[in-house]
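A quick write-up on the structure given underneath.
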Amino acid sequence: MTVHDDIERVLYAEDQIKTGIDRVAAEVSRAYAGRDFTVVSVLKGSCVFASDLIRRIPNRLELAFLAASSYGAGTESGELRIDFVPTGSEIEGRDLLLVDDILDTGRTLAKLKVELRARGARDVRTCVFLDKPSRRSVEMEADFKCFEVENLFVVGYGLDYAGRYRNLPYVGALRRELYTT
Ligand code: XMP
């Protein structure tokens, strides 16, 4: 048995992901042309996306990490906890591009934007790998996004269920019996 056996269907295959990231990387490169900025990758989910994204952006950029958790072991959005933030000098006066794996209810990125501005960031924009607009509960749109997904629990390419499946090279829907009781 491998992680592939738990996937009901593939939503975005590796080559589609590459094409989507090429497009977003070009958009980000244009938006920040001539301006240094910092990519802030929200751990753990966005580490795969962020590492592919930055290698396609030729601009001058720095990389920082932030850790936030809202899900625990389940699939329902819970209270957001910020576990780790970049140092003051990585934030103050900087233009930040906050990168996350998925925009769902919107609470995580909305809260992180406020937090980073409060810590002195000059500008905070957002870039997400996936967008699930049907689940939004706060006003929040990403400035850059790769793909939209329907209201399904998705895993792979950094996204997990109970800590697993981040290593899938594609995005897939988990077999329903694995997360419903
Ligand atoms: P909110 O609701 O704050 O959530 O926009 C963002 C965070 O929720 C997690 N999330 C998911 N993780 N499959 C996952 O593996 C999903 O379908 C999913 N929907 C939300 C994710 O950690 C994201 O950063």
Side-chain angles (χ1 to χ4, degrees), residues 2-14 16-17 20-21 24 28 39-54 63-86 96-118 124-181:
T2 73
V3 278
H4 301 288
D5 300 311
D6 294 345
I7 302 304
E8 191 169 87
R9 66 189 162 102
V10 173
L11 300 173
Y12 290 105
E14 280 188 82
Q16 288 174 291
I17 292 176
I21 296 180
V24 169
V28 170
V39 169
V40 180
S41 165
V42 182
L43 296 171
K44 301 172 186 170
S46 81
C47 72
V48 179
F49 173 50
S51 76
D52 278 346
L53 181 72
I54 61 169
L63 180 61
F65 295 97
L66 183 155
S69 41
S70 64
Y71 265 72
T75 59
E76 280 306 308
S77 204
E79 191 61 24
L80 183 79
R81 214 180 51 214
I82 300 177
D83 303 311
F84 175 79
V85 278
L96 307 181
L97 180 65
L98 201 46
V99 172
D100 207 356
D101 53 358
I102 187 165
L103 180 57
D104 190 66
T105 64
R107 281 184 274 172
T108 303
L109 284 187
K111 184 168 175 185
L112 292 180
K113 271 183 91 163
V114 170
E115 181 72 29
L116 291 169
R117 286 221 187 89
V124 183
R125 295 198 206 178
T126 53
C127 176
V128 295
F129 176 55
L130 300 178
D131 183 16
K132 221 191 257 186
S134 59
R135 291 254 310 166
R136 207 75 89 247
S137 68
V138 298
E139 224 171 273
M140 174 73 217
E141 287 312 319
D143 297 295
F144 308 94
K145 66 176 169 190
C146 273
F147 305 111
E148 283 196 3
V149 282
E150 53 194 293
N151 190 7
L152 268 181
F153 198 77
V154 297
V155 294
Y157 199 72
L159 291 132
D160 75 307
Y161 174 66
R164 288 189 183 151
Y165 310 106
R166 295 192 197 276
N167 52 329
L168 286 172
Y170 50 82
V171 174
L174 255 192
R175 280 172 36 213
R176 203 164 281 273
E177 68 268 25
L178 294 171
Y179 64 92
T180 48
T181 44

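Just follow the structure's listing: the first ligand is 1, and inside any ligand the first atom is 1. The figures that follow rest on heavy atoms only: side chains count, while hydrogens, waters and symmetry mates do not.
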Q. For the side chain of Asp6 and the backbone of Val3, is there at least one donor-acceptor N/O pair under 3.5 Å apart?
A. no

query = Under 3.5 Å, is there a donor-acceptor pair between the His4 and Tyr170 side chains?
reply = yes

Side-chain heavy atoms of Val149 within contact of Ile102, under 4.5 Å
yes

The atoms of ligand 1 lying under 4.0 Å from a heavy atom of Leu159, numbered in the order shown, are 12 (N), 13 (N), 14 (C), 15 (O)

For Leu152, the ligand 1 atoms with a heavy-atom partner under 4.0 Å come out as 17 (O)

The answer for which part of Leu109 has a heavy atom under 4.0 Å from ligand 1 is neither

One finds that the ligand 1 atoms under 4.0 Å from a non-hydrogen atom of Gly106 are 1 (P), 2 (O), 5 (O)

Does Lys113 have more than 12 heavy atoms from other residues, nucleotides or ligands lying within 6.0 Å of its NZ? yes

Between Cys146 and the options Val24, Leu53, Val171, Val128, the side chain to side chain contact (heavy atoms under 4.5 Å, CB included) test singles out Val24

Any N/O pair Val155/ligand 1 closer than 3.5 Å: no

The atoms of ligand 1 lying under 4.0 Å from a heavy atom of Arg107, numbered in the order shown, are 3 (O), 5 (O)

task: Consider ligand 1: state whether an atom of it lies below 4.0 angstrom from any non-hydrogen atom of Tyr161.
output: no

Would you call Val42 a ligand 1 contact, heavy-atom distance under 4.0 Å?
no

Take every heavy atom of Gly45, measure it against each atom of ligand 1, and state whether any distance is under 4.0 Å. no

(request) Could you establish whether Lys111 and ligand 1 come within less than 4.0 Å of each other, counting only heavy atoms on the residue side? (result) no

So for Lys132 against ligand 1, with non-hydrogen atoms under 4.0 Å, the contacting part is side chain

- Query: Do Arg135 and Glu148 meet the salt-bridge criterion of a basic N to acidic O distance under 4.0 Å?
  - Reply: no

Taking only non-hydrogen atoms of Thr108 and a 4.0 Å limit, the atoms of ligand 1 in range are 1 (P), 3 (O), 4 (O), 6 (C)

Residues at least two apart in sequence or cross-chain that pass salt bridge (charged side-chain N to carboxylate O under 4.0 Å, His left out) with Glu8, listed by chain then number, are none

Discussion item. Could you check whether any heavy atom of Ile102 sits closer than 4.0 Å to an atom of ligand 1, since that is the contact criterion I want to use?
Written reply: yes

Sequence neighbours excluded, the answer for side-chain hydrogen bond (donor to acceptor under 3.5 Å, both in side chains) partners of Asp83 is Ser69, Arg81

So for Asp100 against ligand 1, with non-hydrogen atoms under 4.0 Å, the contacting part is side chain

Worksheet item: Backbone N or O of Arg136 within a donor-acceptor pair of the Arg107 side chain at under 3.5 Å?
Response: no

